[in-house]
Asker: 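My questions will all concern the structure given below.
Chain naming here is simple, since letters A, B, ... match the order of the sequence lines and numbering starts at 1 in each.
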Amino acid sequence: MGGARTALFNYLLARQTAGTFILRIEDTDTARNVPGAERKIMDDLRWLGLGWDEGIGVGGPHGPYVQSQRLELYDAAIDKLLTAGQAYYAFETADELEAMRKEAESRKQAFRYPRPARLPDEADIRRVREEGRPVVVRFRTPTEDITVHDEVAGDVTVAASELDDFVIRKADGMPVYHLANVVDDHLMGVNLVMRGQEFLGQTPRHIALQRALGFATPRYAHLPLIMDMQGRKLSKRDGDVEVHSFRAAGYLPEALANFLALLGWSPGGDREKMTLAEMVDLFSIERIGRTNAKFDREKLLAFNTDAAAAAGEERLAAAFDDYLAASESPIGQAGLNAEAKRDLLRVNRGFRTFADIDHKCGFLYVADEAVRYDETAVKKVLDKGGYDMLRTLLPLLEAQEPWTAEGLEKLLSEVCGAHSVGMGKVAQPIRVAVSGGTISPAIYETLVLLGKPRTLSRIRRALALPK
RNA sequence: GGCCCCGUCGUCUAGUGGCCCAGGACACCGGCUUUUCACGCCGGCAACACGAGUUCGAAUCUCGUCGGGGUCACCA
């Protein structure tokens, strides 16, 4: 979710300034790469409406856009640093480094990698390789304080004593994130970096690398973080916080995008509801906040409810189709035609997410014999006079023609009058009989959707329920 | 723990020295509507973390305290 928000802000600014929005895959951690992850990222971004101008899937002049396919480029940069004496080889094993860290910790000191007095030469490297020890390359960090001119956080200076000689090429030959990121940003002409605030403390390393490599430093804007409701960094352990899970749960992308935009940014005043295009116009780095935001699902739900109510018929139909394909909705499995789906949308007006429609109308798509009767509903409605009402209603419904909302309304109103009871006494028993519970669309609509034969069949079945 | 960032209603935020005994939205509470659920409508509760200072005047500026978060990897 944090990544989606970052993508959104980058997209907004790129569109507003006629810049280029680039999608690049940073997959230099061989161990953590997940097959299919690229596809998911692209699907999520496209679903949110955040199309990119350059990058994976669409190409561009600076490809390839996958870091694991650009290794020669990073090697060239590393070699350049090596020959210039701005980087050197190191041979410690993970265990050795761990021990050094532990030791520093026991002395209550922050661990800084100790640069050896004599840097290893070619002979050392050959020997170490033969011994089978890991060989990495470390960047020789300059001894100067570095100030990041961040456009959100302001000037942030990190003392040279805080920086040590970090690894830029791992033992497996892959570059580390910092190096690859800096090289690619330079090669791809990136002049603005907007990313999460967790990178702010790393930025001095990036700036040092840029200086050593002779690259220009881009503008930086570090975004406040998105936290869970407990105030911790949002993580998968707090439930589904991936974009796709909201798609499958029946949310509208425009609602999610709108909600996400307000996490760390505000257009000012009381403005809240915006389309993507409006956000493009209103966005500005100056109005990005500095405080972390909590991801409040309740508010997102409210945004979605409003977005669904505001969406035009066509937009809603398309979004509903997307939901049906992305979710495991029983309605999707029923293979309805366009008109049936429109009817469903119409009788469910006021729904909060598409999943509400499943909840409210799922009983329409099961066999009559498979309807399960909710115990409390039966007790509350059928046991208290509901059965009698159903017996009265059955012959009338059998005779009812035409089977339309208007016709049924007329019939049921007459029954109310004849027995001097409110509509609740009539509608509820029917609702329980045909749906098994007390939740459904308006009763006339429900019966029309169900159809006459199935309505009658279900009422007979309810009457046969063991008392 | 070191370093860095941050601190307005429960939540997202408006607010850039007087328009603010702080506005909007969500949530919550009460009511209305009502054939269920949901929607909708009306009303209400609710915050400038604390303490000094600057100033005629501070939510807005300064310092301190406290609190929260991030980061200290051969992860990104």
Asker: Nearest-nucleotide wise, let me know which of Tyr177(A) and Phe303(A) is further upstream toward the 5' end of RNA chain B.
Answerer: Phe303(A)
Asker: May I ask you to verify if any side-chain N or O of Arg271(A) is less than 4.0 angstrom from the OP1 or OP2 atom of C12(B)?
Answerer: no
Asker: Assess whether one donor atom and one acceptor atom, taken from the side chain of Glu272(A) and the base of G24(B), lie less than 3.5 Å apart.
Answerer: yes
Asker: Between Phe139(A) and Arg205(A), is there a cation-pi geometry (under 6.0 Å to ring centre, at most 45° from the normal)?
Answerer: no
Asker: If you compare every side-chain N and O of Arg107(A) against the phosphate oxygens of G1(B) (OP1, OP2), does one of them come in below 4.0 Å?
Answerer: no
Asker: Does the base of C75(B) carry an N or O that pairs as donor and acceptor with the side chain of Arg32(A) under 3.5 Å?
Answerer: yes
Asker: Using 4.0 Å as the upper bound for N to carboxylate O, is an ion pair formed by Glu92(A) and Arg133(A)?
Answerer: no
Asker: Remember a base hit wins even if backbone is also touched, and classify Met227(A) as base, sugar-phosphate or nothing at under 4.0 Å, heavy atoms.
Answerer: sugar-phosphate
Asker: If the P atom of G24(B) is compared with that of C9(B), how far apart are they to the nearest Å?
Answerer: 16 Å
Asker: Between Arg126(A) and Glu130(A), does any NZ, NE, NH1 or NH2 come within less than 4.0 Å of an OD or OE carboxylate oxygen?
Answerer: no
Asker: Within the structure, does a side-chain N or O atom of Arg101(A) lie under 4.0 Å from either OP1 or OP2 of A73(B)?
Answerer: yes
Asker: Enumerate all atom pairs, one protein N or O and one N or O from nucleotides 37-41 of chain B, separated by less than 3.5 Å.
Answerer:
unit_1, atom_1, unit_2, atom_2, d
C37(B), O2, Lys360(A), NZ, 2.6
C37(B), N3, Lys360(A), NZ, 3.2
A38(B), O2', Gly350(A), O, 3.0
C39(B), O4', Gly350(A), O, 3.3

Asker: Going by modelled atom types, is there a donor-acceptor pair between the base of A25(B) and the side chain of Lys299(A) at under 3.5 Å?
Answerer: yes
Asker: Identify which nucleotide among G10(B), U13(B), A76(B) has an atom closest to any side-chain atom of Glu26(A), counting heavy atoms from C-beta outward.
Answerer: A76(B)
Asker: Using atom P in both nucleotides, what's the gap between U11(B) and G68(B) to the nearest angstrom?
Answerer: 14 Å
Asker: Which nucleotide in the set C26(B), C3(B), C75(B) lies at the smallest distance from any side-chain heavy atom of Glu162(A)?
Answerer: C3(B)
Asker: I'd like to know if Arg349(A) and Glu445(A) make a salt bridge, using a cut-off of under 4.0 Å between side-chain N and carboxylate O.
Answerer: no
